[in-house]
Amino acid sequence: MSEEKSLNFLEEIIEEDLKSGKYTSIATRFPPEPNGYLHMGHASSICLNFGLSKKFGGFTNLRFDDTNPTTEETEYVESIKEDVRWLGFEWKNELYASDYFDTLYAYAVKMIRLGLAYVDDSTSEEMATMKGTPTEAGKDSPFRTRSIEENIDLFERMKNGEFPDGSHTLRAKIDMAHTNMLMRDPVLYRIKHAHHHRTGDKWCIYPMYDMAHGQSDSIEQITHSICTLEFVPHRELYDWLIEKLEIYPSHQYEFARRNINYTVMSKRKLLQLVNEKHVEGWDDPRMPTISGVRRRGYTPESIRDFCDRIGVAKRENIVDIGLLEFCVREHLNKIALRRMVVFDPVKVVLTNYDEDKVELMHSENNPEDPNITHREIPFSRELYIEREDFMENPPKKYFRLAPGQMVRLKSAYIIRCDEVVKDAEGKITELRCTYLPESKSGNDTSTIKVKGTLHWVSVSHAVTVEVRLYDRLFQVEDPSSEEGDFKDYINKDSLQVVKSAYAEPALKTAKFDERYQFIRKGYFCLDKDSSEDGVVFNRTVTLKDTWAKEQQKA
RNA sequence: UGUUGAGUGGUGCAAUGGUGAGCACAUCAGUCUUUGACACUGAUGAUAUUGGUUCGAGUCCAGUCUCAACAACCA
C-alpha cells in the first residue's frame, strides 16, 4: 500500500526523465569538500541525494571535492565518511576529484587547442578590475590573444612548476561582456605550490571548482547533479564546458539550502565558534554539526525524518528548530528507557515507614514498547524528590506536593505531606510525610485518586551522576541577519551543568548505544566524557512541559 | 539602471485551469493519564499586489512590489 505523496520538483524531473527513456536509472553524488565537518544542511543534501537514487533506482557516489590543497585535510575525510555512514547511507564508490587531475589537465589542454582557453599573467587585482560589475561590461585581458602554441607552452610550464603562485592562471575565453559574471573568462586553473592530502607534491597547479565539478560529474556519468541555489549562475558555465569538451552531459539542478533558526549553518561561522572557543569543538553537543547532534543524542532516524518533513524546494527558508525537536522526541519516546533522576533534591522522610525496610518497586522500562519489560527500583524511608515538586503555598491547579496534599510516587506509594522542616535561613531541608500502605503501585486498594505523580530516588541507594543541560546556542532566530557580529548573539546560558544529580541505581550501568528518558525531565544519553569515576549524561531534548508554559503566562 | 531565482496561515511543504486551498510543526481550548510526557478531539490562521484571459485562476498572460544570489587564483 503506497501512500500517495506528492513529488518534489526534483522527483518530478527524475520521474519524467525515466518515463521518457532519457535514462534507465539515475546516478547522483554527494560532493563535500574535506575542509570542515558536516552539518545539518549537509544532512539534508545527503538524504536528498541518497534518497533519490534509492527511490528511483540507481546509485550515489561519495566524491570529495578536493581541489584546494591549502584548506583540505584527511581528518575531515574520515569524519565525513563516518557521518554519512552514521546517517544510514551507503555510497557506491568513494571518489576524489583529485583522482581525475590527469584527465582534468588533458581537458584543459583540449580547451586551449580549441582556442577556448588562455594563460593570463594578470594579477588577481587586475583581473577583478577588468571583470566589470553586474551592470557594466568587463574588459579583455591583454593576454587574451596569445597564440595556441604559446598558451600550450605556458600552461605546461605552469604545471612543471616554473612559475610562482599567483603569477599565471588559465582562463576560459568566453565573453568579457557577458551578463553572467561567471562567463567573463572564468579562471580554470591556478598555481599553488602546496602539498595535497592525496596527490602529495605531484601537482602545483589545481583546477578551480568550475573546471573540476562538472567534469567529475561527467566522468562518473552522474545523471542528476544536485546542488544549492548559489550555484545557479554556475550552471551556464557547467553546461558550456561540457559542451565544448564534448563529454558525457551531466545536468545540474539546484535547490534551496536548509536553514534552522537559533543557530548558524555555514562552515566559516562554525569554524569561528570552534577556533574562538565559544564551544568545545566540532562535536560540542550545541553545534548543528552531524557529530554535534550525534553526541547530543539525536538518532539518525530522527534526522532522516526531519529532512523528509522539511522537504525540498527553491525558496529561501528558515525551518523551526521545534520541528527537529519534535522529530527526535517522537523517535526517542519509542526507544528510550525510562529512568528516574533528581537534579535538585529535597529530602522526604516517610515517618510511618520502617527504618531498615527496603522494597523493590517494579517499573516499566518503556510503556510504549509492545514487548514491555521492567526493572526494579529500591524504595526506602528516606527519599529525594525534586525541590520544584513541592510548594508551601501552591497556586491553583498545582498537582504536586504541598502541605496536606497527596501525590503518587511513580511506581510506588501515594504519600501525604505532614510537616515542613526548615533551617535557620528558612530553606526547606526536609519534608516529613506519611505513605499509604494500601496504595502500592500495581496493588492499589486505596481508591484514592491523585492528580500528580512525582519521580524520586532512594537516598541510600542513589548514584551520583553529572548532567549537562543544553539550550539553544543563540538568543535570536537568525544571528546572521542581525546587526553586528553574529557572535554577539550567543546565548551565554546554552550550557548548564548539574555536577551531582541523584539517579536510580540502574543508571550506573548506562550504555552508549542506549537512550534514556529521565522521567518528567527529558531525553538523555551517555556522554563520551564518562569514565570510571563519573558518569556524564547529555540532555538531548526536554520533554514538552505545558505546566511550565502555563506558569510563564501567569 | 543588469542577469538569474523566489513570493501560499507563525514555520516548512502540497494543491500540475475545476468541491469549502490540504498536510506537518507551532499556537489556543478540551479529553485521557501512576510521566502536567505520550495519545486523542476540536479551533484559530494563508494564495505579495494590480489588471487581463476564462463558465471557472493560487495555477495562464502583462505590469508593479518585495526578498535572495552573482564582481574569490574558495567550493
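Quick note on labels: first sequence line is chain A, next is B, and so on, each numbered from 1.
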Using a strict threshold of under 4.0 Å (side-chain N to carboxylate O), is an ion pair present between Asp369(A) and Lys334(A)?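 Salt bridge flag = no for Asp369(A) with Lys334(A).
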Indicate whether any N or O donor in one side chain lies under 3.5 Å from an N or O acceptor in the other, for Asp210(A) and His234(A).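 Yes, because at least one side-chain N or O of Asp210(A) sits under 3.5 Å from a partner of the opposite role on His234(A).
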Side chains of Ser363(A) and Ser411(A): donor-acceptor distance under 3.5 Å anywhere?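 Side chains of Ser363(A) and Ser411(A): pair found under 3.5 Å.
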For [X] and [N], is the shortest distance between a side-chain N/O and OP1 or OP2 below 4.0 Å?
X         : N      : answer
Thr67(A)  : A75(B) : yes
Lys449(A) : U34(B) : no
Arg171(A) : C73(B) : no
Arg258(A) : C13(B) : yes
Arg520(A) : G36(B) : yes
Arg190(A) : C74(B) : yes

Do we see Trp547(A) stacking on the base of G36(B), given a limit of 5.5 Å between centres and 30° between planes?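 By the stated criterion, Trp547(A) and G36(B) stack.
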Where each pair must be Watson-Crick or G-U wobble with both distances under 3.5 Å, what dot-bracket representation of RNA chain B is obtained, with crossing pairs in [ ] and other-strand partners as |? .((((((..((((....[...)))).(((((.......)))))....(((((..]....))))))))))).....
To the nearest Å, give me how far apart CG (Leu48(A)) and P (C13(B)) are.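 The distance from CG of Leu48(A) to P of C13(B) comes to 12 Å, rounded to the nearest Å.
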When the distance from CG of Asn317(A) to P of G9(B) is rounded to whole Å, what number comes out?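 So the CG-P distance, Asn317(A) to G9(B), works out to 14 Å.
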Closer to the 5' end of RNA chain B via nearest nucleotide, is it Glu330(A) or Pro134(A)?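 Between the two, 5'-proximity favours Pro134(A).
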Quick check on RNA chain B: between Pro31(A) and Ala313(A), whose nearest nucleotide comes earlier from the 5' end?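 It is Ala313(A), whose closest nucleotide lies nearer the 5' terminus.
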Parallel, tilted or perpendicular, judged at 30° and 60°: which one describes the rings of His362(A) and His374(A)?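 The arrangement is parallel - the two ring planes meet at less than 30°.
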Please evaluate residues Phe231(A) and Tyr209(A) with respect to the criterion ring pair (Phe, Tyr, Trp, His ring centres under 6.0 Å), reporting the C-alpha separation (whole Å), side-chain torsions for both, the decisive distance (0.1 Å), and the verdict. CA-CA 11 Å; Phe231(A) 291 98; Tyr209(A) 168 85; 5.0 Å; yes
Donor-acceptor pair present, [X] side chain and [N] base, under 3.5 Å:
X         : N      : answer
Glu236(A) : U4(B)  : no
His234(A) : A75(B) : yes
Arg339(A) : U35(B) : no
Ser441(A) : U34(B) : yes

Between protein and nucleic acid, restricted to nucleotides 22-24 of chain B and to nitrogen or oxygen atoms under 3.5 Å apart, what atom pairs and distances do you find?
unit_1 : atom_1 : unit_2    : atom_2 : d
A24(B) : O2'    : Arg309(A) : NH1    : 2.8

[X] and [Y] aromatic centres sub-6.0 Å:
X         : Y         : result
Phe9(A)   : Phe255(A) : no
His168(A) : Phe143(A) : no
Tyr96(A)  : Phe64(A)  : yes

Can you tell if the side chain of Met111(A) reaches within under 4.5 Å of the side chain of Lys173(A), non-hydrogen atoms only?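 A side-chain contact is absent here, since even the closest heavy-atom pair is not under 4.5 Å.
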Residues two or more places apart in sequence or in another chain: which of them pass side-chain hydrogen bond (donor to acceptor under 3.5 Å, both in side chains) with Arg29(A)?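 For Arg29(A) the side-chain hydrogen bond (donor to acceptor under 3.5 Å, both in side chains) partners, ignoring immediate neighbours, are His213(A), Ser225(A).
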